[in-house]
Structure formats: C-alpha cells, structure tokens
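Structure first, commentary second.
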Amino acid sequence: MKNSPSLQDVFTSTFHQKLNFNDFLNLDVKSEYSPLKHSRKLILQPSSKFKKYLRFLNTFVFEYAKINTNVVYSYRKEHSAYTAVKKHADSKYFFQTDLSSFFYSITVEDVKNILENYMGDSPISDLHEYQEQLLNMVIVDGVLPVGFSTSPKISNSCLYEFDNELEQYCLEHSIIYTRYSDDIILSSKNNDLEIVEDVISGMLNKFFGTRFQLNSNKTKHTHKGKKIKLLGMVILPSGKVTVDIKLKNQIEILFYFYLNDKEKFTDYLVNKYQGDLGKISGQLNYINTIDKSYLNKLRKKYGNFIVDTFIHQTVN
C-alpha cells in the first residue's frame with residue numbers, strides 16, 4: 001500500500017521509545033506467560049509487557065484480518081451473543097452446534113494463511129517481512145492459545161472461506177446463519193434443516209480436513225412449539241428474545257430472601273454465587289442487555305432501590 005507505514009514506524013509511534021522494537025521481534029515468548037487452570041481449561045496468562053505487545057498486534061494487525069461481517073458476531077464492537085440470536089427471532093426451525101476444541105484446532109498454518117491472504121486492508125506496508133515473528137507470538141505449541149488477546153480476532157478470521165461458503169448455501173436455501181466464536185446457528189421459516197449438519201461437516205472437511213469437528217453433545221435440531229434456547233437465551237413463541245427462566249428464578253429467589261430472610265439470603269449467596277456480589281451485578285447487566293422489560297418488571301416487583309443495590313454491589 002503506497003505511503004503506508006512500516007511495522008517499526010507504527011510500533012515506535014505507539015510506544016514512543018518506552019518499548020524496544022528489537023525486543024518485540026526477538027521476544028522469548030515462553031518466558032512471558034504463565035499457565036492457569038480455569039474450569040478445567042488451560043489458560044495462558046501473558047506478562048504485563050507481553051499483554052502490551054499482543055494489544056498492539058490486535059490493534060494494528062489482526063483488527064484488519066478479513067471476516068464475514070454478515071455472519072460473524074463474536075468479538076466485534078456493537079455485536080454480541082444477543083445480536084447473533086436476535087437475527088433468528090422470527091424463524092420456525094433451528095439448528096445449533098459448536099466446534100469441538102475450537103481454539104486448539106486452529107494451527108500455525110491457519111494463522112499463516114490469514115497473514116498471507118486475509119490482510120488486504122492492513123495499514124502496515126511490510127507485514128509480510130515479519131510473518132515468522134508474528135506467528136511465534138500468537139501461536140503456542142503449534143495451536144492458538146486460550147488467554148492471548150489476539151486469539152479471538154484470529155478465530156473470527158480463520159473460518160473466513162468456510163463462513164463465505166456456508167453463507168452462500170444458506171442464502172440459496174432461505175436459511176439464516178450466524179456464528180458466535182465456535183457456536184454455529186442456522187434457522188429458517190420454512191426449511192426443517194434436516195441435512196444442514198452434513199452440509200456443515202462437509203464444508204469443514206473441505207477447508208480443514210478432520211481438524212474441525214462438530215460437537216455431537218451440543219448439536220441440536222428444534223422448532224417453535226418447543227423451548228428454543230440459543231447461546232443461553234430463549235426465543236419465545238412471540239419472537240421475543242429473553243433470558244432463560246432458570247436465571248430469572250435464581251434472581252427472584254435471591255431478591256425474595258434478601259427482603260424476607262437474611263439468613264437464607266446469606267446461605268443462597270454463598271451456595272449460588274460463592275459470596276460474590278459481582279456475579280449478581282453481572283447477571284443483572286446481562287438481563288438489561290437482552291431484555292430490559294424483564295429488568296423493569298424486577299424493579300416494579302422488588303423496587304428500584306433493591307435492583308440498583310445489587311447492580312452497584314452496595315449490599316449490606
């Protein structure tokens with residue numbers, strides 16, 4: 001790209017000599033993260049310096065990697081799991097699945113493909129000259145790590161050709177397709193979607209061989225008249241998207257105990273939330289994002305003061 005800056009120019013203007021470009025290029029990555037176990041997943045926690053480098057790569061490199069913006073809703077501004085589900089609200093038939101071990105199925109070759117073929121809008125003129133160093137920073141033991149801030153953007157882009165082909169198939173068959181990270185949702189008003197599992201598996205095999213597999217435990221066909229639960233949200237028969245009844249009941253039990261029985265409230269807080277008020281605040285903000293009318297119902301039933309007390313974590 002004519003008059004585009006070099007990687008070193010962008011690095012220097014970003015860090016103003018506070019960090020060294022040669023150190024960035026020759027970083028000993030394995031000494032810059034520590035492994036953490038979380039919910040049986042191995043997460044790699046980068047050092048403070050390495051976090052800055054990864055944020056830099058996200059902002060000036062992987063932010064420009066091509067994705068199919070019509071179908072990908074994960075890790076994007078103004079998009080969320082809610083907007084991915086909302087697109088299916090008027091459908092009658094639904095198919096949902098996810099990809100097993102998604103991040104760990106993405107290899108160095110996939111990221112190399114992104115850097116070589118999906119970076120057409122990058123503002124950096126000499127990105128190709130640093131491919132080896134960039135791969136060394138964002139790949140660990142040959143696969144995409146969980147915990148690096150670059151991994152979500154890369155995961156959006158690595159399925160670019162697959163997303164394009166599946167979208168085209170869906171357009172030809174009046175099917176709606178959205179993807180949120182490893183979660184794939186298809187729906188239709190008049191197509192019962194019987195064969196789409198085979199179609200998706202065939203496309204994955206075409207682009208990735210056997211590396212990407214559908215998770216049979218999370219593969220499901222359903223239709224209106226039954227409970228439609230997608231990405232933890234529920235589509236009601238009216239087409240309204242709301243939170244699951246289990247979460248509603250959990251919040252209302254908590255509020256009831258808080259108002260009527262402080263001892264039971266304390267026990268419930270410990271058993272359901274490990275005593276963490278932040279989790280309740282997170283749930284209420286989540287409800288506000290998805291279904292403001294239900295949050296308003298809670299305000300009318302329990303009072304604005306109670307709801308705001310938990311949102312702002314000022315419970316006594």
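Residues take their numbers from the sequence shown, with the count starting at 1.
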- Task: Check for a donor-acceptor pair, side chain of S174 on one end and backbone N or O of C170 on the other, with a separation under 3.5 Å.
- Result: no
Between E32 and S47, do the side chains contain a donor N or O and an acceptor N or O under 3.5 Å apart?
yes
- Message: I'd like to know if D141 and K30 make a salt bridge, using a cut-off of under 4.0 Å between side-chain N and carboxylate O.
- Response: yes
So CD of Q283 and CD of Q250: to nearest 0.5 Å the spacing works out to 5.0 Å
Residues L230 and Q96: closest non-hydrogen pair is CD2-NE2, 3.4 Å
For the side chain of S13 and the backbone of V10, is there at least one donor-acceptor N/O pair under 3.5 Å apart? yes
inquiry  = Both conditions, 6.0 Å and 45 degrees, for the charged tip of K262 above the ring of Y258: are they met here?
reply    = yes
Discussion item. Quick one, Y104 and V146 - any side-chain contact, counting heavy atoms below 4.5 Å?
Written reply: yes
Residue pair F257 / E263, side-chain heavy-atom distance below 4.5 Å: no
message: If you apply the rule side-chain hydrogen bond (donor to acceptor under 3.5 Å, both in side chains), what do you find for Q274 with K279, and how did you get there?
response: CA-CA 9 Å; Q274 294 76 52; K279 291 183 179 180; 2.4 Å; yes
*Inspect the contact between D244 and K227 and indicate whether a charged nitrogen and a carboxylate oxygen are less than 4.0 angstrom apart.*
yes
| task | Determine, step by step, whether V61 and L127 satisfy the side-chain contact (heavy atoms from CB on, under 4.5 Å) criterion, reporting the C-alpha distance in whole Å, the side-chain angles of both residues, the deciding distance to 0.1 Å, and the verdict. | result | CA-CA 8 Å; V61 179; L127 200 59; 3.9 Å; yes
- Task: Take Y73 and Y180 through the ring-ring contact (aromatic ring centres under 6.0 Å, His included) test and state the conclusion after the steps.
- Result: CA-CA 5 Å; Y73 285 75; Y180 190 86; 8.3 Å; no
In the structure I gave you, are the side-chain heavy atoms of S155 and L144 within less than 4.5 Å of one another anywhere?
yes
In plain terms, say whether K218 and D183 are close enough for a salt bridge, that is, a side-chain N and a carboxylate O under 4.0 Å apart.
-> no
For D110 and C158 the tightest heavy-atom approach is CB-CB, 4.4 Å
Exercise for review: Report yes or no: do I245 and I228 belong to one cluster of Ile/Leu/Val/Met/Phe/Trp/Tyr joined by side chain heavy-atom distances under 4.5 Å?
Suggested key: no
Any non-hydrogen side-chain atom of L159 less than 4.5 Å from a side-chain atom of R179?
yes
(message) Given 3.5 Å as the limit, does a donor-acceptor pair link the side chain of N288 with the main chain of L284, or not?
(response) no
* Going through the checks in order, is the salt bridge (Lys or Arg N to Asp or Glu O under 4.0 Å) test met by D291 and K240? -> CA-CA 9 Å; D291 189 352; K240 179 181 177 64; 3.1 Å; yes
Exercise. Kindly work out whether a path of hydrophobic side-chain contacts (I/L/V/M/F/W/Y, heavy atoms less than 4.5 Å apart) joins I290 to L236.
Key: no
**Asked** Got P5 and S125 here, is their nearest side-chain heavy-atom distance under 4.5 Å?
**Response** no
State whether the side chain of R76 and the backbone N or O of V72 hold a donor-acceptor pair below 3.5 Å, judged by distance alone.
yes
dist I124:CD1 -> S6:OG (nearest 0.5 Å) comes out at 8.5 Å
*asked:* Let's go through K264 and Y256 carefully: what are the C-alpha distance in whole Å and the side-chain angles of both, what is the deciding distance for side-chain contact (heavy atoms from CB on, under 4.5 Å) to 0.1 Å, and is it a yes or a no?
replied: CA-CA 10 Å; K264 286 186 178 180; Y256 178 83; over 6 Å; no
Closest non-hydrogen contact found for S149 with N58 is O-ND2, 2.6 Å
So OG of S105 and CZ of R211: to nearest 0.5 Å the spacing works out to 7.5 Å
Find out whether L54 and P46 are in side-chain contact, i.e. whether some heavy atom of one side chain is under 4.5 Å from a heavy atom of the other.
yes
Note: Y75 and S181 closest approach over all heavy atoms is OH-OG, 3.1 Å
Residues H223 and F94: closest non-hydrogen pair is CA-CD1, 4.2 Å
No-hydrogen, no-angle side-chain donor-acceptor test under 3.5 Å, T242 and K248
yes
Quiz item: Is there a donor-acceptor contact under 3.5 Å from the side chain of N271 to the main chain of D267?
Solution: yes
Parallel, tilted or perpendicular: which one describes the rings of F24 and F11, with boundaries at 30° and 60°? tilted
**OP:** For side-chain hydrogen bond (donor to acceptor under 3.5 Å, both in side chains), just list the numbers for N156 and S74, CA-CA rounded to whole Å, side-chain angles, deciding distance to a tenth of an Å, and then say yes or no.
**Re:** CA-CA 7 Å; N156 272 355; S74 44; 2.7 Å; yes
Using the six-membered ring wherever Trp is involved, compare the ring planes of F50 and F148 and label them parallel, tilted or perpendicular (cut-offs 30° and 60°).
perpendicular
Are D121 and K66 close enough for a salt bridge, meaning some N to O gap below 4.0 Å?
-> no
Notebook entry, point to check: Mind checking whether Y53 and F15 have parallel, tilted or perpendicular rings, split at 30° and 60°?
Noted result: perpendicular
One should read off an interatomic distance between I139 CD1 and L134 CG, to the nearest 0.5 angstrom, of 11.5 Å
Of E161, E167, E165, the one forming a side chain to side chain donor-acceptor pair (under 3.5 Å) with N68 is E167
| query | Which of parallel (below 30°), tilted (30 to 60°) and perpendicular (above 60°) describes F95 and H221? | reply | tilted
Counting N and O atoms only, with roles assigned by atom type, does the side chain of T12 sit under 3.5 Å from a partner on the main chain of D9, one being a donor and the other an acceptor?
no
Side chains of H173 and S188: is there a donor and an acceptor less than 3.5 Å apart? no
Smallest heavy-atom separation, N22 atom then N20 atom, equals N-OD1, 2.8 Å
- Task: Give the C-alpha distance, both sets of side-chain angles, the deciding distance and a yes or no for side-chain hydrogen bond (donor to acceptor under 3.5 Å, both in side chains) between N304 and D308.
- Result: CA-CA 6 Å; N304 286 327; D308 289 336; 5.9 Å; no
Evaluate Y64 against Y118 for ring-ring contact (aromatic ring centres under 6.0 Å, His included), listing each step before the verdict. CA-CA 8 Å; Y64 294 91; Y118 301 163; over 10 Å; no
Notebook entry, point to check: Between D23 and K49, is there a salt bridge with N-O shorter than 4.0 Å?
Noted result: yes
Does a side-chain heavy-atom distance below 4.5 Å link D163 with I67? no
So CZ of F255 and OG1 of T309: to nearest 0.5 Å the spacing works out to 9.0 Å
message = For the backbone of D28 and the side chain of S31, can you confirm whether one donor and one acceptor N or O come within less than 3.5 Å of each other?
response = yes
- Taking the side chain as C-beta and beyond, is there a heavy-atom pair between Y177 and I184 under 4.5 Å? yes
